[in-house]
Amino acid sequence: MAVLSMISLAACSSDGDGGSDGSTLSMVVWGGDVDKAAYQERIDLFEASQDEIKIKLQLIPGDKYEQKVQTMIAGGDGPDIMQVAEGVNVYSSKNQIIPLDELIADAGLDLEERFGPVGSLYSYEDSVYAIPDRSGAMIVYYNKDLFDAAGVEYPTAEWTTEDAQAAMEKLTIPGQQWGFGGAGWWPQWWSFAYQNGGAIIDDEGRPAANSPEVVDALQWANDLVHVHKVVPSTSDYADMGPDMGGDPAFAAQKVAMNTTGFWAINTLLEADFNWDIAPMWHDEEQAVAAFGSGLAISRDSKKSEQAFQAIDFLTDAEAQTVIIDKAQDVPANLAVQSSEAFLKPEWATREVNMAAFGESSAFVFRSPLIPEWNEMQAAFADNLGTFWNQGGDAAEQLTLIQGKLESVLGSSSR
């Protein structure tokens with residue numbers, strides 16, 4: 001999983017009130033230089049749209065973001081606006097960010113209309129705590145040259161799991177080329193679990209990691225490596241060179257298909273082979289993970305109404321268009337995802353099926369962003385390493401993980 005680098009905004013005045021003129025908001029986000037430029041341009045648009053509110057932005061190293069924000073809030077100096085992702089409910093469960101329901105209602109903002117299924121993603125105990133900002137589904141990258149050579153039709157959202165495996169088998173040349181990059185990262189194999197009708201946390205808030213649907217999906221993902229051998233093993237990747245995985249192996253034409261996010265497009269624009277992207281295939285259901293983040297308001301903000309006004313603007317079409325203009329990410333705003341600016345971005349030096357993101361947005365599953373997100377991920381990471389490296393019994397491993405999740409969350413509904 002890619003490590004996020006982060007940006008933050010220090011408080012604008014020592015009294016924590018966001019500036020002596022009472023109109024300056026502080027904002028924390030994450031990213032690198034491209035992200036900083038994109039957020040600043042969006043802020044500039046907001047400031048130009050009205051003459052009362054200013055926003056100040058400042059960078060914090062990525063590996064210190066969560067610690068820094070927690071320290072700011074603990075000291076009563078939290079930012080007005082802060083970016084959150086999978087850990088949103090680490091904050092909301094501690095009352096470190098405020099519920100936005102009343103502000104949403106007062107603004108007349110329809111989350112489903114603007115963002116589709118991810119509109120209510122950043123929720124906890126029936127309250128919304130963040131507004132989606134960036135949200136790109138995981139997509140399938142495929143090497144058209146290798147597909148053509150093997151006589152395989154290009155992938156579409158209509159593909160089934162069986163279609164995908166059959167293509168992987170035809171695209172594999174033992175010891176030389178593999179049909180698929182693998183699914184050892186949680187967004188990848190979780191997508192298979194949700195496609196199979198499973199869930200990591202059920203609708204009642206109970207762990208469901210060892211349900212038959214999840215077990216079958218994980219076993220299938222692992223068998224692609226160790227039984228069917230259409231995915232490189234750990235040693236296969238090591239033989240390719242240092243720091244090899246699905247993304248670089250696809251770029252090196254060692255794997256014919258790979259599932260990952262928007263970020264891989266920029267690294268492939270100058271590739272010397274023909275490639276494109278498509279929505280993820282399906283099983284019993286269409287379901288796919290999305291990578292994204294939202295904007296929240298910390299409990300320390302003295303200007304929550306102004307902060308929400310800014311968030312509303314930053315997630316509306318005009319400001320969201322900057323996200324794709326800068327080749328930063330996929331905007332969460334559905335109207336922008338279907339716009340000409342997104343479908344035919346000026347920076348694209350080749351034809352890319354950008355419509356795959358908008359098509360995928362209809363079947364993004366809602367990840368269980370529980371307050372114990374970090375502990376849940378640790379349970380999977382600590383117990384699946386040998387399984388991915390050597391193969392094994394998914395039911396056995398997931399039963400161990402289920403026990404750990406129950407000890408963290410409790411086996412009864414939350």
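Predicted model only: the values in this text are computed from it and were never measured. Values below: every heavy atom of this structure, side chains too, minus hydrogens, waters and symmetry copies.
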Task: Ring centre gap for F380 and W186 strictly below 6.0 Å - done: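 Not under 6.0 Å, so no.
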Open item on the list: So that I know where these two stand, are Y142 and Y154 an aromatic pair - ring centroids less than 6.0 Å apart?
Closed with: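 Y142 vs Y154: aromatic centres under 6.0 Å.
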Task: Side chain to side chain, D316 and R114, heavy atoms closer than 4.5 Å - done: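 Yes, at least one pair of side-chain atoms sits under 4.5 Å.
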- [ ] Report yes if the side chains of Q70 and V90 come closer than 4.5 Å at any heavy-atom pair, otherwise no.
- [x]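 Yes, at least one pair of side-chain atoms sits under 4.5 Å.
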Open item on the list: Among F262, F357, W263, exactly one meets ring-ring contact (aromatic ring centres under 6.0 Å, His included) together with F291. Which residue is that?
Closed with: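 Output: one option passes, namely W263.
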- [ ] Could you pull out the closest heavy-atom pair between Y237 and G181, with the gap in Å?
- [x]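 Between these two residues, the closest heavy atoms are OH-O, 2.5 Å.
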- [ ] Mind listing the closest non-hydrogen atom pair of W189 and A221 along with its distance?
- [x]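 Heavy-atom minimum between the residues: CB-CB, 4.4 Å.
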In a table with atom names and distances, give each donor-acceptor pair under 3.5 Å that connects a side chain of residues 360-367 to protein atoms at least two apart or in another chain.
residue	atom	partner	partner atom	Å
S360	OG	A356	O	2.6
S361	OG	G358	O	2.6
R366	NH2	S120	O	3.2

Taking atom types as modelled and ignoring hydrogens, do the side chains of [X] and [Y] form a donor-acceptor contact shorter than 3.5 angstrom?
| X | Y | answer |
| --- | --- | --- |
| E52 | Q306 | no |
| D35 | Q328 | yes |
| Y39 | D133 | yes |
| N389 | T386 | no |

Open item on the list: Classify the ring geometry of W30 against Y65: parallel below 30°, tilted from 30° to 60°, perpendicular beyond 60°.
Closed with: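 Because their plane-to-plane angle is over 60°, the rings of W30 and Y65 count as perpendicular.
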Do any N or O atoms from the side chain of [X] and from the backbone of [Y] form a donor-acceptor pair under 3.5 angstrom?
| X | Y | value |
| --- | --- | --- |
| D300 | G78 | yes |
| D80 | S26 | yes |
| N143 | V255 | no |
| T172 | G179 | yes |
| Q320 | N333 | yes |

- [ ] Mind checking side-chain hydrogen bond (donor to acceptor under 3.5 Å, both in side chains) for Q397 and listing every partner two or more places apart, or none if nothing turns up?
- [x]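 Scan of Q397 (side-chain hydrogen bond (donor to acceptor under 3.5 Å, both in side chains), adjacent residues dropped) gives none.
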- [ ] For residues 307-328, pull every pair meeting ring-ring contact (aromatic ring centres under 6.0 Å, His included), keeping only residues two or more places apart or in separate chains.
- [x]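 Residue pairs with at least one partner in residues 307-328: F46-F313.
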Open item on the list: Between K36 and E41, does any side-chain N to carboxylate O distance fall below 4.0 Å?
Closed with: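 Looking at K36 and E41, the cut-off is not met.
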